[in-house]
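Report on the following structure.
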Amino acid sequence: MNTPHRNENDLSNLNQAQREAVLHTEGPLLIVAGAGAGKTKTLTERIVHIILGGIAPERILAVTFTNKASGEMRERVEKAILKHRIDGAPTVTTFHRLGGSIIRDHAGYFGLTKYFSIFDEDDAKSLIKESMREFGIDPKLLDPKRVKHIISTAKMAGDTPETMSDKIASQAESDAVRIWRSYEEKLKKSKAVDFDDLIVKAVRLLEKEPTIRAEYQHKWQYIHVDEYQDTNEMEYRMVKFLAGEKKNICVVGDTDQNIYSWRGAKIKNMLHFEKDFPGAHTVFLEQNYRSTSRILEAANAVIIKNTVRLPKNLFTELGTGEKLVRYEGFSETDEAAFIARECQQLIASGIPPEEIAVLFRANFQSRVLEEAFLFSDVPYRVIGTQFFERAEVKDIISYIRASVNRDSLADMKRTINKPTRGIGDSSVAKLFAGMRDSLSPRAKASLTNYEHILDLIKVASETEYPSALVRKVLDLSGLREEYESEGEQGIERIENVGELATLASIYDTLPLGDGVMKFLEDAALRSDSDALRDSPEGVRLLTVHASKGLEFRVVFIVGLEEGLFPHERASRSAKIEDSEEERRLFYVALTRAKERVYLTHAQSRMIFGSRNISMPSQFLFDIPHELIQLHSDIPQSLPSIFFE
């Protein structure tokens with residue numbers, strides 16, 4: 001292999017800390033990389049430096065989480081080594097692709113062929129349904145999707161059906177353990193694995209077979225792991241096994257950006273790196289190449305209050321920049337109207353709409369923002385699912401429609417088995433074909449119960465105001481209980497239904513019955529118009545979680561109120577690292593901004609159709625007052641939420 005000598009001038013584009021990380025090639029290395037500190041550039045240069053030092057590219061492994069991130073790093077590395085006319089390439093991949101390649105190399109060990117199938121979620125749920133029927137567990141009564149979630153969570157935590165048996169906390173988990181064993185047998189017979197198995201089986205192989213473990217430790221003598229703070233238990237084990245005795249492992253991450261604990265990410269993996277790899281060298285990348293100094297001072301002041309972290313202090317040479325703007329609206333509508341007006345002015349000043357982001361803590365907050373942008377004719381794009389396209393919003397509206405119009409087959413089909421109540425597709429087909437008498441006694445009983453629910457909802461539609469009706473549907477239908485069993489995702493669903501109740505409260509001033517009809521009519525018109533008004537070039541509306549890894553010239557962080565951001569769930573957690581995650585989320589939000597930050601909140605906010613007085617978020621008081629400028633505009637209400 002041609003290995004040209006590399007001199008110091010080749011590293012002149014790096015700062016001192018980045019250069020230190022690149023030059024430290026032997027032994028374990030922890031790179032604590034702050035937001036916007038050039039971690040991808042540093043990793044790329046380090047890999048190239050190792051290759052130019054005489055190591056064959058094939059001996060180097062780099063692992064990250066997403067195809068996009070691995071693709072970007074691969075492209076950078078290949079471009080750099082091509083410039084030096086070096087043959088070969090390192091392995092730059094994701095955890096799942098890495099696990100898949102290890103399994104494929106040793107397919108026979110698992111009773112597979114190298115052409116084994118990878119089952120997606122739908123395939124996996126079909127197998128789970130089969131297993132449930134074998135045990136007499138009706139898939140109409142226990143959602144296979146929920147069973148799959150329980151199994152997946154247990155797998156990625158390192159559990160097996162045997163170890164999971166000692167941790168059962170509910171009947172659903174007890175059933176899931178039985179189903180899990182059968183599900184695994186069915187995967188084996190199909191010569192298939194599911195998505196989680198790509199990592200889990202690879203780890204079990206490395207754990208149990210020293211010869212195979214040594215094979216990969218020899219194959220990849222230099223290992224790099226990006227976003228190490230986001231690794232879960234099984235990904236952590238994979239990394240440790242591959243590092244072996246030489247421990248030439250470099251991990252990059254930021255404890256202050258650990259915001260996925262609900263997905264299984266363990267902040268302790270990064271905190272304990274020096275314990276796991278004695279003699280590890282640590283480098284801090286603290287120079288930020290994205291934001292102005294005022295934005296970074298605010299971010300530093302906020303995150304320093306966290307205790308579970310590796311301390312660092314971001315700085316920049318990009319200049320002081322503008323103060324952060326704080327705006328307090330009378331209500332969430334005033335807040336949204338202000339944001340829309342400011343975006344109009346920013347766009348008029350020459351800032352491209354796609355360089356502006358509005359970040360919110362909870363999905364339900366997008367609804368009033370979408371209305372404000374529509375009313376103000378500001379182009380926007382929701383990153384994620386628009387409010388009226390969310391399944392739970394559609395479900396509640398369909399329940400109301402079905403109750404007042406029993407001929408609406410689409411609405412009845414959507415709601416008849418949500419939540420699962422034992423009315424399968426064949427029963428629905430018979431019902432719609434006028435063959436009710438041919439239904440099984442059990443299906444008839446479930447249908448009678450469903451129709452009773454619709455009767456109760458219809459009575460409520462005539463005697464309750466729209467906001468109360470939405471709340472009642474959530475309870476009468478059984479959807480609240482269903483959502484409460486879904487963990488984090490279920491809580492978000494309940495919040496979205498709460499926002500639907502808030503929206504419905506606009507119609508509470510109309511006569512009973514009329515308000516409900518107008519609400520349903522406008523909801524249909526609004527959902528039809530969403531696709532027409534959403535602009536690919538528009539202002540980005542997205543959650544803080546979805547913003548990680550992105551950057552924008554201007555960032556609005558909205559809904560900064562106690563109970564919303566930080567979310568009320570944070571105060572209920574017994575683990576300090578979980579309660580501190582809300583502060584990490586705010587830190588991530590702040591550090592998305594290049595030039596300007598707006599911090600907005602409301603004096604009161606409608607929650608489930610009831611107006612509540614809001615207290616400003618504690619995070620606002622963490623930022624030194626000299627960094628903040630109060631906006632003096634008088635709030636202006638948005639005249640109409642829906643079409644006149």
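Keep in mind that what you see is a predicted model, and the values were worked out from it rather than measured.
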Might you point out which heavy atoms bring [X] and [Y] nearest each other, and give the distance in Å?
{"X": "Ser547", "Y": "Val544", "answer": "OG-O, 2.7 Å"}
{"X": "Leu541", "Y": "Phe360", "answer": "C-CE2, 3.8 Å"}
{"X": "Phe373", "Y": "Tyr380", "answer": "CB-CD2, 3.6 Å"}
{"X": "Ile453", "Y": "Leu476", "answer": "CD1-O, 3.7 Å"}

salt_bridge([X], [Y]) N-O dist < 4.0 Å:
{"X": "Glu581", "Y": "Arg584", "answer": "yes"}
{"X": "Lys155", "Y": "Asp194", "answer": "yes"}
{"X": "Lys186", "Y": "Glu134", "answer": "yes"}
{"X": "Arg493", "Y": "Glu482", "answer": "no"}
{"X": "Glu332", "Y": "Arg611", "answer": "yes"}
{"X": "Lys458", "Y": "Glu462", "answer": "yes"}

Is a side-chain N or O of [X] found less than 3.5 angstrom from the main chain of [Y], in a donor-acceptor match?
{"X": "Arg592", "Y": "Val588", "answer": "yes"}
{"X": "Tyr399", "Y": "Leu454", "answer": "no"}
{"X": "Tyr260", "Y": "His545", "answer": "yes"}
{"X": "Thr153", "Y": "His149", "answer": "yes"}
{"X": "Asn306", "Y": "Arg583", "answer": "no"}
{"X": "Ser165", "Y": "Pro161", "answer": "yes"}
{"X": "Asp230", "Y": "Ala265", "answer": "no"}
{"X": "Asn417", "Y": "Thr415", "answer": "no"}
{"X": "Asn232", "Y": "Met234", "answer": "yes"}
{"X": "Arg471", "Y": "Phe608", "answer": "yes"}

Inter-residue atom distance Lys418.NZ - Ile416.CD1, 0.5 Å rounding: 13.0 Å
As an exercise, state the distance from CG of Leu479 to CD1 of Ile494, rounded to the nearest 0.5 Å. 9.5 Å
Test item: side-chain donor near acceptor, Glu342 and Tyr598, under 3.5 Å: yes
Can you say whether the rings of Phe586 and Phe619 are parallel (under 30°), tilted (30 to 60°) or perpendicular (over 60°)? parallel
Aromatic ring pairing Phe195/His96, orientation class (parallel under 30°, perpendicular over 60°, tilted between): parallel
Over 12 non-hydrogen atoms of neighbours within 6.0 angstrom of CD in Glu481: no
Any cation-pi pair here, Arg326 with Phe621, using under 6.0 Å and within 45°? yes
Sequence-distant partners of Phe65, ring-ring contact (aromatic ring centres under 6.0 Å, His included), two or more places apart: Phe95
So do Leu369 and Ile339 actually touch side chain to side chain, heavy atoms under 4.5 Å? yes
Just so I know, are the side chains of Arg401 and Arg414 near enough to count as touching, which here means a heavy-atom distance under 4.5 Å? no
Go through the steps to decide whether Arg605 and Glu561 satisfy the test salt bridge (Lys or Arg N to Asp or Glu O under 4.0 Å), and finish with yes or no. CA-CA 9 Å; Arg605 187 173 296 271; Glu561 299 142 27; 2.7 Å; yes
